[in-house]
Every structure is written in C-alpha cells, then in structure tokens.
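Sequence lines set the chain letters: A, B, ... in the order given, protein chains first and strands last, and positions in each chain run from 1.
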Amino acid sequence: MNENLFASFITPMMFGLPLVTLIVLFPSLLFPTSNRLVNNRLISLQQWMLQLVSKQMMSIHNTKGQTWALMLMSLILFIGSTNLLGLLPHSFTPTTQLSMNLGMAIPLWAGAVITGFRNKTKASLAHFLPQGTPTPLIPMLVIIETISLLIQPVALAVRLTANITAGHLLIHLIGGATLALMSINTTTALITFIILILLTVLEFAVAMIQAYVFTLLVSLYLHDNT
Amino acid sequence: MNVPLKEKKLLEVKLGELPSWILMRDFTPSGIAGAFQRGYYRYYNKYVNVKKGSIAGLSMVLAAYVFLNYCRSYKELSESLLDCFASGGVSPDRVGLVHRLI
C-alpha cells in the first residue's frame, strides 16, 4: 500500500523511452492557435480567459515590465493546465517533480533580479534595507534580507511541488480508505466518499490557484525590479 | 484510370496489395510528423473547429488521454492488486474496483 502510494509520482518511461516528454507537451494540444477574428468556441473561450488574466496581472507593470506579458501568460497557462490535467485518473503531473518546478522558478526569478541589478542598481541594492531601520540593527537586517531574497526561487518551486503532491497523496489515501471501509461499514464509507468529493473540488481550486500564485509572485519580483 | 499503389488511400487498396502498401508508406521523421499533423487537423476540423462546437470535442481527447495513461500503468496496478490479494486486504468481488479511479 505504501509503495503503491508513491508509484504515481515516478517519472513515466516506456521501454526506456521518456514518455514524460510527451506528457509535458500534451497540454499544448489543448490550446490551438488561430488567425481568424471570429473563432470556434474553444479558442474564443481561451482568448477571453487569457485577456481577463493578462489585463488583471499586467496592469501593475510599467512598459518595461509589460514586455514579460507573453512569458507570464504562457507560465500561468502551462501550470494551470498541467495541474488540472493531473486531476484526471491515472495521469502523471509533471509539476509534482521538484526538478521541473526549480527549472521554472530559478530562471524566472534570476531574470527578474538580474534585470533589476543591471538597470536600477541603486534601487535594487536599496531593497536590502527597509526604510527607518535603527542603525544598530542594519548588519543583521541586511543579512536577513539577503537570505529572504535568495530563498525566493526555492520557495516558489517547493510551494508548487508540495501543494500539488500533497493534494494528490490525500486523494489517494482517502480513496483507498473509502475502498477499504466499504466492506466493513458502509455508512463510514459514504462519509469518507463525501470527504473525497469535497477534496477533489478543493484540488481543482488548488490547481488553478497555485498557477496563479506562482505567476503572481514572479510578476511581483519583476515589478520590484523594473 | 490506373492510380499507382503509392498514392492510393487505405480503403482503395486491395487486400493482396496491403503488405506492399504498408511497406511503401513514408516512415521518415518528416513523414511520421506529417501523419500526426494530418490526424490532428482531421480531428480538429471535425469536432472543434465548427460553428457550434460542444464539450464533446475536448472530452474525447481527455478520455483518450485517461485511457492511454491507464494502459501505461496497467502493469503496476495489477501487481499491486496481487499484493493486496496476498495480504488479504481485498475480497475477490472488489477486484474491479481496485483498478481505482485515482
């Protein structure tokens, strides 16, 4: 039972071929492109949603920051669709792998920070010391702010990994409990089943929220630095 | 009108000619990519790119995705089923349910 629990997080390979590449590329099939003004329903829905999200997210940035719009929108679409697809039965969720989330978080964070240091060096360095700090506290506070800066990409990646993995594990566990309880006591099994349904609804929300949070934080780091 | 074998579509090929037709198909990378592209556009234009597309167009793709993932993990699932049997945790009638929807 314990081994089976973590089996769904193993990278899928088939005959030694990395199937995971296909799984990571699969969400792109669900977002077709079109050059028309009036599209079919799928594309219209996706375009409406994308416009809503991009207006809400990119409005806080100046011109320089808004050049990142394409990157951030692709990011939220990718994480959102990957997380939602992972809720389907038997599927593999790439965002449960820390390697992949680190691969997304570190370059984006580093890009924002390096942009800040290159273009607004004084302002970026000034971030290390909040206004109005008493003088004796300054060295300690600079160290703390540096650590807090360096931990941002790790926090981004681990947050996403932990949330999605924990959700999937809970669903596995409660599903297993429901199955096991069915032969023992049907009423308890029913209650557990209702818990499972509520959990699944939560997971849908979490899938989308995590995508949003990831992108929002990257956008905030960008805002600080442009 | 004599159409050469290479350019016939599958339904026009006679049964005797089938092996040679299969061997004549384009198995180069660009040929395979072309086959996938044609298949994709056939599905897309039939079910999604229509005036009143419904949820069925997307659901069929997701159902196929679930099915393929199930095929991929069948071996592991049946092994864990055997383990469950041996440890006495699951009764024989629950066999089908253990290939559970998670």
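In this structure, A:Thr178 has no side chain to side chain donor-acceptor pair (under 3.5 Å) partners at least two apart in sequence or on a different chain. Shown here are the side chain to side chain donor-acceptor pair (under 3.5 Å) partners of A:Thr188, two or more places apart in sequence or in another chain: A:Asn185.
At a threshold of 4.5 Å between non-hydrogen side-chain atoms, the residues A:Leu30 and B:Leu58 count as touching.
Atom CG of residue B:Leu62 and atom OG of residue A:Ser91 lie 10.0 Å apart, to the nearest 0.5 angstrom. We find the CZ-CG distance between B:Phe67 and A:Leu88 to be 15.0 Å, quoted to the nearest 0.5 Å.
Counted within 6.0 Å of CD1 on A:Ile151, heavy atoms from surrounding residues, nucleotides or ligands total 12 or fewer; the atom is thus considered open. Around OH of B:Tyr44, the count of heavy atoms belonging to other residues, nucleotides or ligands within 6.0 Å exceeds 12. Heavy-atom contacts from other residues, nucleotides or ligands closer than 6.0 Å to OH of B:Tyr47 number 12 or fewer.
Shortest non-hydrogen contact noted between A:Leu19 and B:Arg72 is CD2-CD, 3.2 Å. Contact detail for A:His90 and B:Asn69: the closest heavy-atom pair is O-CB, 3.4 Å.
Within residues 108-118 of chain A, no residue approaches chain B closer than 4.5 Å by heavy atoms. Proximity to chain B among residues 36-54 of chain A is limited to A:Asn40, A:Arg41, A:Leu42, A:Ile43, judged by heavy-atom separations below 4.5 angstrom.
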Requested in this report: Any chance you could lay out the side-chain contact (heavy atoms from CB on, under 4.5 Å) test for B:Tyr65 and A:Ile23, step after step, and finish with the verdict?
Outcome: CA-CA 9 Å; B:Tyr65 180 64; A:Ile23 295 182; 3.5 Å; yes
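For a residue to count as touching a neighbouring chain, one of its non-hydrogen atoms must lie under 4.5 Å from one of that chain's; by this rule A:Phe26 touches chain B with the side chain only.
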